[in-house]
Amino acid sequence: MERDDVIIGLEIHLQLNTESKLFCTCSTDYQKEPNTNICEVCTSQPGAKPMAINEKAIEFTVKLAKALNAQVLTEKEIFVQRKHYFYPDLPSNYQRTSMPIAVKGNLNGIRIREIHLEEDPGRYDIRTGLVEYNRCGNPLIEIVTEPDFKSSEETKKFLDKLAILLDYLEITRREEGSMRVDANISLRGSNRVEIKNINSFRGVITALNYEITRQSTLLKQNMKVERETRHFDESQGITIGSRKKETVDDYRYIPDPDLVPIYVTKEYVDSIQLPELPEQKIQRLVETYKIKRHDAEILAQDKNISDVFEKLVKENINSELAVKWLNRDLRKQLNYRSMNFSDSKLKYSDIKQIIVLLSEKKIHEKIAEQMLIELLDKGKTAIKEKLEDEEKISAIIDEVLLNNKKVVEDYKQGNEKAFHFLFGQVMKLTKKLAEPKIVEKLLKDKLDK
Ligand code: ZN
Ligand code: MN
């Protein structure tokens with residue numbers, strides 16, 4: 001929804017893929033049996049003190065900061081604060097959250113205000129009253145943007161870019177809900193509403209569109225938009241008012257007296273190396289393989305697919321064929337299933353097999369597509385040699401013509417659609433294995449005789 005009076009800002013929480021939690025040595029794997037990765041620190045037993053902050057989490061924060069062109073605050077004491085709130089997912093009654101570690105970044109034309117570290121709370125199930133603390137104390141990075149977004153589309157573009165960048169950085173977890181977003185949204189001059197805990201990218205867009213409609217409807221009726229926190233109900237695609245917005249005072253921030261401040265030196269920041277990032281990869285693909293920039297951009301959107309491309313070309317697969325197949329056919333099937341390459345469990349060897357068959361002209365594109373679909377949906381496929389035997393195809397065509405006399409008549413009356421129907425029937429009978437060009441030619445010959 002594009003409107004010139006919409007102001008949106010995001011707070012994005014990313015789960016880091018460190019081995020251990022932020023202030024204790026428990027594993028961060030929260031998919032285990034409930035409440036097995038816990039200790040006295042992350043469940044805040046009386047007298048338990050946090051350990052020194054996990055240095056890997058600092059390293060990951062610095063990496064992300066550099067990738068977002070943000071300025072890491074060096075040679076400065078960065079306090080870890082206690083942010084108080086009372087909810088069963090948080091046994092200490094406060095969340096440890098650092099002051100900004102980096103400021104003033106940017107991505108896709110959007111300014112990043114600050115980046116800090118904090119701990120994830122556990123999970124509280126309202127329906128059962130059970131709490132699960134495996135996640136409690138896991139490191140989260142929070143990215144706070146300036147209110148620079150003017151539409152949900154712009155927000156989506158930014159989040160897509162961020163997701164690609166994170167793929168390259170390899171510092172975050174990939175499970176459902178490993179990225180959670182709070183969105184602030186207001187229509188100019190009116191109160192700001194905070195939408196809390198949106199668990200997917202698609203959810204962000206749905207929630208924002210819903211809020212834009214809700215708020216503008218209120219304003220049109222001369223009603224007031226309340227300053228409040230709203231909860232996003234993903235199943236219904238709506239936001240629901242939950243409680244009045246807490247102010248900073250309610251959180252009673254105080255520096256955690258059990259922790260020494262974080263201190264990052266300039267040398268340390270300089271020593272952190274970044275992996276190849278999307279833009280560098282695009283340029284390298286263009287220069288090394290002489291492919292079009294546009295093609296390189298699409299390849300690089302999925303780090304794994306672009307790696308597959310490079311491997312194929314190094315094994316002497318024609319780069320044009322590889323680009324075409326990966327960017328068009330593979331992408332189409334992945335998008336259709338809302339998957340990226342790593343979700344698909346496709347193996348490099350499977351892809352190579354299909355592309356080699358294609359390049360040796362042993363199969364045609366339709367069969368390649370069918371093999372890919374079987375790999376995606378069943379995990380296996382068999383090579384299907386294409387049918388080029390004109391005699392066999394001819395016999396099938398005769399059968400189709402015989403069974404569809406009415407359609408043949410329609411064709412002779414000049415109905416072009418009738419041809420497509422007959423063509424489709426022949427392909428169906430050959431299980432799509434027939435070479436389409438041969439079918440087309442033979443069918444035309446027979447009909448026009
Ligand atoms: Zn622990
Ligand atoms: Mn937060």
Side-chain angles (χ1 to χ4, degrees), residues 9-16 18-57 60-61 64 78-87 89-103 112-123 131-146 162 172-173 177-184 194-199 204 229-232 242-243 245-248 250-253 256 258-259 262:
L10 299 180
E11 292 168 16
I12 304 154
H13 294 91
L14 308 168
Q15 288 180 338
L16 298 182
T18 58
E19 300 272 316
S20 55
K21 294 187 180 183
L22 198 51
F23 298 110
C24 63
T25 52
C26 290
S27 156
T28 50
D29 183 359
Y30 56 83
Q31 309 288 23
K32 287 246 174 78
E33 276 286 291
N35 297 312
T36 50
N37 286 332
I38 55 172
C39 71
E40 59 277 20
V41 175
C42 52
T43 53
S44 293
Q45 305 293 315
K49 297 263 192 283
M51 297 177 191
I53 196 163
N54 183 342
E55 278 180 25
K56 208 71 192 166
F60 287 0
T61 311
L64 180 63
I78 300 166
F79 286 92
V80 177
Q81 295 188 294
R82 293 178 173 182
K83 176 185 178 180
H84 293 82
Y85 70 86
F86 299 94
Y87 202 65
D89 64 359
L90 198 65
S92 58
N93 289 333
Y94 54 80
Q95 181 186 28
R96 291 194 185 90
T97 166
S98 83
M99 306 273 282
I101 295 176
V103 296
I112 310 287
R113 183 184 297 165
E114 56 120 316
I115 300 167
H116 67 255
L117 263 177
E118 58 186 42
E119 51 183 1
D120 212 353
R123 271 182 293 190
V131 266
E132 207 284 276
Y133 289 126
N134 279 349
R135 209 179 70 178
C136 195
N138 278 7
L140 292 182
I141 279 185
E142 179 170 338
I143 303 171
V144 183
T145 77
E146 295 291 347
L162 178 63
T172 49
R173 297 178 74 100
S178 60
M179 179 180 297
R180 304 195 296 275
V181 177
D182 300 339
N184 289 298
E194 182 173 14
I195 316 168
K196 277 263 185 211
N197 262 316
I198 312 168
N199 286 321
V204 175
T229 300
R230 295 178 71 86
H231 162 85
F232 178 57
S242 42
R243 56 189 154 138
K245 167 93 179 129
E246 279 127 337
T247 63
V248 167
D250 296 330
Y251 287 132
R252 296 182 296 121
Y253 280 100
D256 192 320
D258 292 333
L259 287 164
I262 299 166

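Counting convention: from 1, in listed order, for ligands and their atoms alike. Just so it is clear, the model here is predicted, and its values are computed rather than measured. Numbers for residues simply follow the sequence, beginning at 1.
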Polar side-chain atom of Asp258 near backbone of Ala48 as donor-acceptor pair, under 3.5 Å | no

Indicate yes or no for a side-chain donor-acceptor contact from Ser44 to the backbone of Pro91 under 3.5 Å, with no hydrogens or angles considered.
->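 Pair absent, no side-chain N/O of Ser44 close to backbone of Pro91.
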
What does the angle at the Zn ion (ligand 1) come to, between atom SG of Cys42 and atom SG of Cys24, rounded to 10°?
->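 That angle is 110°.
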
Would you give the angle at the Zn ion (ligand 1) between Cys39 atom SG and Cys26 atom SG, to the nearest 10°?
->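 Once rounded, the angle between the two atoms at the Zn ion (ligand 1) is 100°.
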
At the Mn ion (ligand 2): angle between His13 atom NE2 and Glu142 atom OE1, to 10 degrees |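 Centred on the Mn ion (ligand 2), the NE2/OE1 angle is 80° (to 10°).
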
Do you see a donor-acceptor pair shorter than 3.5 Å between the side chains of Tyr251 and Gln81?
-> no

Please determine if the Zn ion (ligand 1) has an N/O/S atom from Cys136 lying under 2.8 Å away.
->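 Given the 2.8 Å cut-off, Cys136 does not count as a ligand of the Zn ion (ligand 1).
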
Out of Asn138, Asn54, Thr172, Leu22, which one pairs with Leu16 under the side chain to side chain contact (heavy atoms under 4.5 Å, CB included) rule?
-> Thr172

By atom name, which N, O or S atom of Glu118 is the nearest to the Mn ion (ligand 2)?
->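 Closest N, O or S atom of Glu118 to the Mn ion (ligand 2): OE2.
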
Nearest 0.5 Å, what's the CD-NE2 distance between Glu142 and His116?
->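 Here the rounded value is 3.5 Å.
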
